[in-house]
2 protein chains.
Amino acid sequence: MKKTIYDVAREANVSIATVSKVINNTGRIGEKTRQRVLQVMKELDYQPSLVASALTGKSTYSIGLLIPDLANPFFAELARSIEDRGHELGYSIVMCSTDYRPEKESKYISLLKQKSVDGFILASGFQNDAVIRDLLNLKIPIAVLARDVSTVSVDTVTVDDFIGGYNATQHLLDLGHQQIGAIQLDLEVGRERTRGYRHALQENGLEYDEKYVLFGPSSVEGGKQMGLKMLQAAERPTAIFAGNDLVAIGIIQAARELGLSIPDDVSVVGYDNTILAAISNPPLTTVAQPFHDMGRQVMDLLIEEIKGEKKGKKRVVMLPELCVRESTKRIRK
Amino acid sequence: MKKTIYDVAREANVSIATVSKVINNTGRIGEKTRQRVLQVMKELDYQPSLVASALTGKSTYSIGLLIPDLANPFFAELARSIEDRGHELGYSIVMCSTDYRPEKESKYISLLKQKSVDGFILASGFQNDAVIRDLLNLKIPIAVLARDVSTVSVDTVTVDDFIGGYNATQHLLDLGHQQIGAIQLDLEVGRERTRGYRHALQENGLEYDEKYVLFGPSSVEGGKQMGLKMLQAAERPTAIFAGNDLVAIGIIQAARELGLSIPDDVSVVGYDNTILAAISNPPLTTVAQPFHDMGRQVMDLLIEEIKGEKKGKKRVVMLPELCVRESTKRIRK
DNA sequence: TTGAAAGCGCTAACAT
DNA sequence: ATGTTAGCGCTTTCAA
């Protein structure tokens, strides 16, 4: 049978209240009793039940993480950094991959609410503000990652996608490209990056041309399909700004299949700077997101919120950084 | 305030016992009352507290997953498949990356024991049988993944590493290679794969030569270092069997740095068939592990164990499959 | 068919 | 400094 606080109390000849106090370092306990209790706890290998203590209104020390897809290297790295920071702070992470599906998102949230997690990190791409508002109304702490929820007052960590798109495009422009395509994610982040792309274009006196812009899923296969489509068009671009590294790699595969060389015939910029970018062939020029800091930041924000140490909400915006490798090149005459 | 079973009972003019019964579909309840209770539950948007019900001895419906490193694509995919199957079966997954560190492993296990998880999946490379025995003694259900614990009776899902090593090496032998190096993980799995490697060599009348065998960490950087070492040696091998795809990529980078061409000067075989293998340059010949099935299988085993539907323990062994791409080639004369 | 009541293991007033 | 006791929200006999 598992040991309970009663076992310890009996063995140490004290009341359960006393044991509880030494466990939690509350109230005043004589040094001798404290030592005796500690001793007995050790002897019995007693571990207080967190579910019992949670029932009395204390924390469960677990937090729910909703993320699109653990199998995507970017999110895996992000999840890892969140997990690490969480554990440092004494919290366990319950992982939920949502596949960008609203139903899954709602389902997991309601499940984890029943489990009384102390809070949520919403790193899921999709989010109808309704679920966020719902959580907020219930006073359940949340922190939102990588998604700007401008209409709700909530702790947020984002990377400026507009700048990311702008920088990627500007880099291509600097290399002399004039026909620049964009194959972006069919998600909020994709639109925002596309805004940056558009802005850079216009700043350089170039038209935003819809035939050069495609939206699709976050996958190598998706990138390849869209890449084929764009590269086989009558006027093909000399450079493409991809939604993320996965998509960029798909585009490279498409180019290869069409006998086009990267970066000689077409330059490609990725996004996220995952391990894929470093090992792809050629190595990918990509927009790096500081996932390590991002994970740490959201976690810290959330914990502050949980501990009630905060007055208002915070909105942390980090900046992406262009990481130039070999998939982009000055355009040939 | 969060609704409790009392709110529902009051509103529906029944006792909490009745409400409990309709929630759990136990006992006998009149159809009319049941409907009324259900109705009230809906109106109040009542969600039973799982922590309270866990305290009364029922399941927490969460299981702990110990895995070396979520940021490694192989484990990320594995984790994802485990998570999916878990959710299908109604369980949440608490993720813990151990970095192959025994202290972390123990720490997380003891933490999750306090949280009363229903069981553990141990996919962590490291494992002293002691922690497994401990869990077993406490009657806590566990299932072990990708690690053969031959001295303990426990549910296990493994992929035959000996065969994997054998096949990889045989493939290289078939291509005419005679000087075959091995840069393997400094872990149990690495030793086992090396056994397979050795066996293949000897079966072909070749000596097992220690200077051709190196053990190192699971990382691109590690692979690169060891690769440099091995490829700069007096007699360098014409082919290398790598510990996993990460290491293989490191070796390719090392080769490139030395001006050696893959696969013309040296062939490389990876392990795991992660996304990295598909996109690396050149695409990696690698030993594929069926991570999707692996995840599903352990989860199923664990759940059976938790539900007590099983008589004895099971040991499931899956087979790896060589996946030939372009990093291996027949040796030149 | 329904309800009263005794826990589950722990915390936190409130007494002593 | 330590103990008594009333919950926390739910499940489960056992009565009614």
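Hydrogens, waters and symmetry mates play no part in the numbers below; they use all other heavy atoms, side chains included. Naming convention: chains lettered A, B, ... in sequence-line order (proteins, then strands); numbering from 1 in each chain.
- Counting only N and O atoms by type, the side chains of B:Ser97 and A:Glu83 include a donor and acceptor under 3.5 Å apart.
- Heavy-atom contacts of chain B under 4.0 Å fall on DNA chain D between two terminal nucleotides, which in 5' to 3' order are D:dG9 to D:dT12.
- Under 4.0 angstrom from either OP1 or OP2 of C:dA4 there lies no side-chain N or O belonging to B:Ser15.
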Open item on the list: I'd like to compare against my own output: the B/S/- annotation of nucleotides 6-16 of chain C with a strict under-4.0 Å heavy-atom distance to protein.
Closed with: -BBBBBB----
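- Ion pairing of B:Asp45 with B:Lys2 is absent here, as no side-chain N (NZ or NE/NH1/NH2) approaches a carboxylate O to less than 4.0 Å.
- Checking B:Lys115 against B:Thr60 by side-chain atom types alone, no donor-acceptor pair falls below 3.5 Å.
- Side chains of A:Ile132 and A:Leu122 form a contact here, defined as non-hydrogen atoms less than 4.5 Å apart.
- Looking at every heavy atom in both residues, A:Gly295 comes nearest to A:Leu78 through N-CD1, 4.3 Å.
- In this structure, B:Val22 and B:Leu38 have side chains that are in contact, with non-hydrogen atoms separated by less than 4.5 Å.
- B:Glu43 and B:Gln39 share a side-chain donor-acceptor pair at under 3.5 Å.
- No more than 12 heavy-atom neighbours from other residues, nucleotides or ligands sit within 6.0 angstrom of OH on B:Tyr61.
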